[in-house]
Number of protein chains: 2
Amino acid sequence: MAKKTKSNKRQLILEEAAKLFKARGFGGTSMRDLGAQVGMEAASMYNHINSKDEILEIICFQISDTYISQLAEIEQTATSYVEKIKALIRLHIRLMIEDGAAVSVANNDWKYLTNDKLEAFKQARKNYEKGFAALIEQGIAAGELQPVNASVALFTILSAVRWVELWYRPGRGITAEELEENIITLLLNGLAK
Amino acid sequence: MAKKTKSNKRQLILEEAAKLFKARGFGGTSMRDLGAQVGMEAASMYNHINSKDEILEIICFQISDTYISQLAEIEQTATSYVEKIKALIRLHIRLMIEDGAAVSVANNDWKYLTNDKLEAFKQARKNYEKGFAALIEQGIAAGELQPVNASVALFTILSAVRWVELWYRPGRGITAEELEENIITLLLNGLAK
DNA sequence: CAGGTAAACTAACATTTGTTAGTATATTTA
DNA sequence: TAAATATACTAACAAATGTTAGTTTACCTG
């Protein structure tokens, strides 16, 4: 199969691109930089990908697709709203730990997407946020949550979970599970005694 | 005074640069883009600033200096640790609302600083984080706060406050004060009932 | 009004950018 | 083994980049 071998190098290019984009930003990463990291001339990469923009698109939509499908799954579980929200928080933390580079790129460099891709990504994100906010509102209506502004709660949660990308290293004296429980406790129960 | 007139245009350039950097990123903003926004040829701006890098430096350190001096002030007030932490959260939200473009740049584009400026900025940020974390630890030791991992609490707070830059618009049906109280309540008391 | 300085302009520079063309070398298929 | 395909390379392109040089215009000071 022609596509099979192609996929190997293609995947490598995408992974190294995510790392470099995270470290230096999309604009700060040249195709020659990326080629050096992959072990290939910049021009050679065009046998595997169509453009620099396409690399960014693939990374961003891979992440947004994951979030959206996971949200749909969680919505259909038969648990309390608190549990659903906990599951979403865990999802964010886990994705950040497992695929931190790509998540960072989707969080920070999505704005360099162009035209319809940019619009599609913004729409996808908006849909995800809407679904998440709905869970919070339903949780409030069901009496499980404090009657806060759902948008404020939503964005506080989404942001609170982002710093993991900047901070977490496997050997930092805290496991992924501990981290999850710490953050969930903090967000659901608060810092004050 | 020669410097006086110079400062006017210089300030305008810095302000427009912050807006553009926030919108398109440092790498995504050319000096010609900036010139167009300011109403001047790119080359003309070099009568007021020394380089594109310098613009970024000024924006970033203006913000980090503000945080550091405010932290020092808050540390010396005679209040509880909870109140000190609340004051810091309010500071972050207020700065974001009042000078959102510059704060965004300091948050997102600092990595494009070069050499010693980059190191100095990272050091300044680390010092600020250390001071903030110390307040949390002392608050825990004093029995005012839950015994959580101070780093986790610190970064959760710092991040939770960032989304304001992406979301807050003066006419969004919520005042700056309401926003502050919502976020503080959420972080200190939690979302769950 | 004269002289000097500040601040704008145009033109051009050297690099760096993403990308393409053309070509050579592996690797797979028949 | 022969033909075909995939994949790498070198060289080069056009465009965009930050910046400098040189010049002209506006403005303040004496």
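These numbers come from the heavy atoms of this one structure, side chains and all, not from hydrogens, waters or symmetry mates. The chains referred to below are lettered A, B, ... by the order of the sequence lines, with proteins before strands, and numbering in each begins at 1.
- As rounded to whole Å, 15 Å separates atom C1' of C:dT17 from atom OH of A:Y112.
- Residue B:S44 places at least one side-chain N or O closer than 4.0 Å to OP1 or OP2 of C:dC9.
- A donor N or O paired with an acceptor N or O is not found under 3.5 Å between the base of C:dA6 and the side-chain atoms of B:N47.
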### Query
Nucleotide by nucleotide, 5' to 3', does protein get under 4.0 Å of the base (B), only the sugar-phosphate (S), or neither (-) in nucleotides 14-21 of chain D, counting heavy atoms?
---BBBB-
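- If you check the side chains of A:S30 and A:D33, you find a donor sitting under 3.5 Å from an acceptor.
- Looking at B:D99 and B:Q62, their side chains do bring a donor and an acceptor atom within 3.5 Å of each other.
- The shortest distance between side-chain heavy atoms of B:Y168 and B:L179 falls below 4.5 Å.
- Contacts of B:S104 classified as side-chain hydrogen bond (donor to acceptor under 3.5 Å, both in side chains), with partners at least two apart in sequence or in another chain: B:E165.
- Proximity of A:K9 to the phosphate of D:dA8: a side-chain N or O atom is located under 4.0 Å from OP1 or OP2.
- Distance CZ (A:R10) to P (D:dA6): 14 Å, rounded to an integer number of Å.
- With rounding to whole Å, B:M40 atom CE is found 14 Å from D:dT25 atom C1'.
- Without hydrogens or angle criteria, A:T77 side chain to A:E73 main chain gives no donor-acceptor distance under 3.5 Å.
- Heavy-atom contacts from other residues, nucleotides or ligands closer than 6.0 Å to NZ of A:K130 number 12 or fewer.
- Closest contact between the side chain of A:E41 and the listed nucleotides D:dA8, C:dC9, D:dC9 involves D:dC9.
- Dashed line: the shortest gap from a side-chain N or O of B:H48 to OP1 or OP2 of C:dA6 is not under 4.0 Å.
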